[in-house]
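Report on one structure; see the data block that follows.
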Amino acid sequence: MEKRLYVRKEESMKARDVDLLSYLEAKGETFVKEGQYYRHTEHDSLLIKGNMYAWNSRNETGYGAISFAQMYYGMSFPQAVLDINKGDYKEISHEQPSVSTSKEPFRYPKELEVKDQSKAKDYLIRERHIDPRLVHWLFQKDLIAQDTRNNVVFKWREHGGKGKVIGADRQGTVPMKNKRGAFKQVLPNDNPHTGFSIDVGKPMSIHFFESPIDLLSYWSIQEKQLQNTRLISMNGLKPKTVAQSYLAARREGLPVKELILAVDNDQGGKEFIEKMNQIVNADLIKEKLPFTGKDWNDELKKGAKEKPFSKCFSFSRTKPNEQERSMNG
């Protein structure tokens, strides 16, 4: 990106005239149309209407592409103007294919997977410190994959990871110079309030996380202490995911007695917990926040250096232990 300390008036005026949705689609963001609004597929509290935006979970509101680029991508004013003016956005329609309005059943793009798992494994194990045995198990159970662009693909399978694939999200393995640090995408689907999930034993509780990486980090930390629960990634802070996941578990006949909010230890996470206590039976809600880090991956990196994962993931044995049997259904 070109680095300048100032921009000319005509440059800023041109950038102000750019359609916000068109700019964001060209940047790779995807939205679902809901009435007069467009809802972000990854951050479901982020709404676009015309050139106005509101990110309700972060209390961020504003107007136009310049303001949004500063808020979302962490750009300075000159950087935002220059970045916007690099493209010709007037020809981009508001009804682009990336805006998913279809109610067609989700089709997982299996053809984009590759046999090589090295990039995904290297990212999860070396950079994120997820235990190697857990990563191996996830690949073996077809819960994660590597795609043609070396992203880690987290497959959303029904019934705690044992059913059909109904959605997926992708995590980039190469750092990017933006606010999120790396490529992230939720594949458009007709199940927006579900997510990557895994059953550990026979669930009597449900743990909710802000991302698949947080979910796997928490599991790595807890080891054998984590039993008889369902782990679910919300891909953000989503009350509807909590509510629908609880109802789905009850329909499966699971005796769920606790909803454990294992979210980030920041303002957004604490506000989410407070909100959930207001809209869900308070006796059901429990909170579990990281002690030393902002999120569970920070916690893992700080406290689990080279700590071996539980032997429940050793594949050298001929007889699976109780936890493996429950995972295998």
Side-chain angles (χ1 to χ4, degrees), residues 41-42 44 105-106 108 120 124 128 130-131 134-135 137-145 152-171 184-222 225-264 272 276 280 284-286 288 295-297 312-313 323-329:
T41 57
E42 180 179 351
D44 72 345
F106 175 76
Y108 176 70
L124 292 172
R128 292 296 193 164
I130 308 300
D131 190 276
L134 175 53
V135 174
W137 183 84
L138 292 167
F139 273 109
Q140 186 185 67
K141 295 300 179 183
D142 199 26
L143 290 168
I144 63 174
V152 182
V153 182
F154 296 94
K155 302 181 184 182
W156 303 2
R157 289 189 176 275
E158 291 181 309
H159 309 307
K162 299 185 286 290
K164 68 178 182 179
V165 180
I166 58 172
D169 52 304
R170 301 193 295 170
Q171 168 69 55
K184 294 181 182 180
Q185 182 193 40
V186 174
L187 298 185
N189 63 82
D190 55 349
N191 300 282
H193 301 298
T194 53
F196 179 69
S197 68
I198 303 173
D199 281 356
V200 181
K202 297 179 181 180
M204 298 179 65
S205 65
I206 305 176
H207 283 71
F208 294 93
F209 303 88
E210 293 192 32
S211 72
I213 294 296
D214 284 336
L215 184 159
L216 299 180
S217 299
Y218 181 83
W219 198 359
S220 295
I221 294 169
Q222 291 296 315
Q225 299 175 44
L226 196 63
Q227 296 180 3
N228 299 325
T229 190
R230 174 168 290 177
L231 311 177
I232 297 179
S233 166
M234 300 180 287
N235 288 295
L237 298 167
K238 301 179 180 179
K240 285 188 177 180
T241 300
V242 176
Q244 291 194 18
S245 298
Y246 175 66
L247 294 174
R250 298 293 292 182
R251 285 195 296 269
E252 292 175 45
L254 299 175
V256 173
K257 296 179 173 59
E258 289 185 340
L259 304 178
I260 302 164
L261 306 180
V263 296
D264 290 358
F272 179 73
M276 292 308 302
V280 177
L284 281 173
I285 298 295
K286 307 293 180 184
K288 185 77 172 179
D295 58 39
W296 289 107
N297 193 239
C312 69
F313 284 103
Q323 191 170 7
E324 281 182 319
R325 285 196 297 269
S326 63
M327 290 176 185
N328 293 336

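In this chain, numbering begins with 1 at the start of the sequence shown.
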Worksheet, complete the sentence: dist Phe272:CZ -> Phe208:CZ (nearest 0.5 Å) comes out at 8.0 Å
Worksheet item: Are Met276 and Pro239 side-chain neighbours, meaning at least one heavy-atom pair lies under 4.5 Å?
Response: yes
Worksheet item: Is the side chain of Thr229 donor-acceptor paired with the backbone N or O of Ser205 at a distance under 3.5 Å, no angle test?
Response: yes
Discussion item. I want to check something: taking the side chain as every heavy atom from C-beta on, are Trp296 and Lys288 in contact at a cut-off of under 4.5 Å?
Written reply: yes
Discussion item. Within this structure, what is the CG-CG distance for the pair Asp264 and Leu237, rounded to the nearest 0.5 Å?
Written reply: 7.0 Å
Discussion item. Within the 4.5 Å heavy-atom criterion, are Met234 and Val263 side-chain neighbours or not?
Written reply: yes
Worksheet item: Hey, does Asp169 have a side-chain heavy atom less than 4.5 Å from the side chain of Trp156?
Response: yes
Fill in: Minimum heavy-atom distance between Gly201 and Asn228, given as atom pair plus value
CA-OD1, 3.7 Å
Worksheet entry | Atom pair NZ/NZ of Lys164 and Lys155 - distance to nearest 0.5 Å | 15.0 Å
Practice prompt. Can you measure from CD1 (Ile198) to NZ (Lys141) and round to the nearest 0.5 angstrom?
Written response: 11.5 Å
Fill in: From CD (Glu258) to CD1 (Ile285), nearest 0.5 Å
10.0 Å
Practice prompt. Quick one: which residue pairs count as a salt bridge (Lys or Arg N to Asp or Glu O under 4.0 Å) with a foot in residues 236-250, not counting sequence neighbours?
Written response: none
Practice prompt. Would you please test Leu216 and Arg128 for side-chain contact (heavy atoms from CB on, under 4.5 Å) and show each step?
Written response: CA-CA 10 Å; Leu216 299 180; Arg128 292 296 193 164; over 6 Å; no
Discussion item. Are the side chains of Arg157 and Asp142 in contact, using a 4.5 Å heavy-atom criterion?
Written reply: yes
Worksheet item: Knowing that exactly one of Leu259, Leu231, Leu284, Val242 qualifies, which makes a side chain to side chain contact (heavy atoms under 4.5 Å, CB included) with Ile206?
Response: Leu259
Response to the item:
Only one of Ile232, Leu143, Val153 passes side chain to side chain contact (heavy atoms under 4.5 Å, CB included) with Phe196, and that residue is Leu143
Discussion item. Run the side chain to side chain contact (heavy atoms under 4.5 Å, CB included) test against Pro203 and tell me which residues pass, sequence neighbours left out.
Written reply: Asp199, Arg230, Leu254
Worksheet item: Roughly how far apart are Ser217 OG and Asp131 CG, rounded to 0.5 Å?
Response: 11.5 Å
Discussion item. Using side-chain heavy atoms (C-beta onward) and a distance below 4.5 Å, is Leu138 in contact with Leu124?
Written reply: no
Worksheet item: Taking the inter-plane angle between the rings of Phe209 and Tyr218 on a 0 to 90° scale, is it parallel (under 30°), tilted (30 to 60°) or perpendicular (over 60°)?
Response: tilted
Item to complete: Check Val186 against Glu42 and note the closest heavy-atom contact, atom names and distance.
Response: CG2-CA, 4.0 Å
Item to complete: Go through the structure and list residues passing side chain to side chain contact (heavy atoms under 4.5 Å, CB included) with Ser211, not counting sequence neighbours.
Response: Ile213, Asp214
Practice prompt. Could you pull out the closest heavy-atom pair between Ala120 and Phe139, with the gap in Å?
Written response: CB-CZ, 3.8 Å
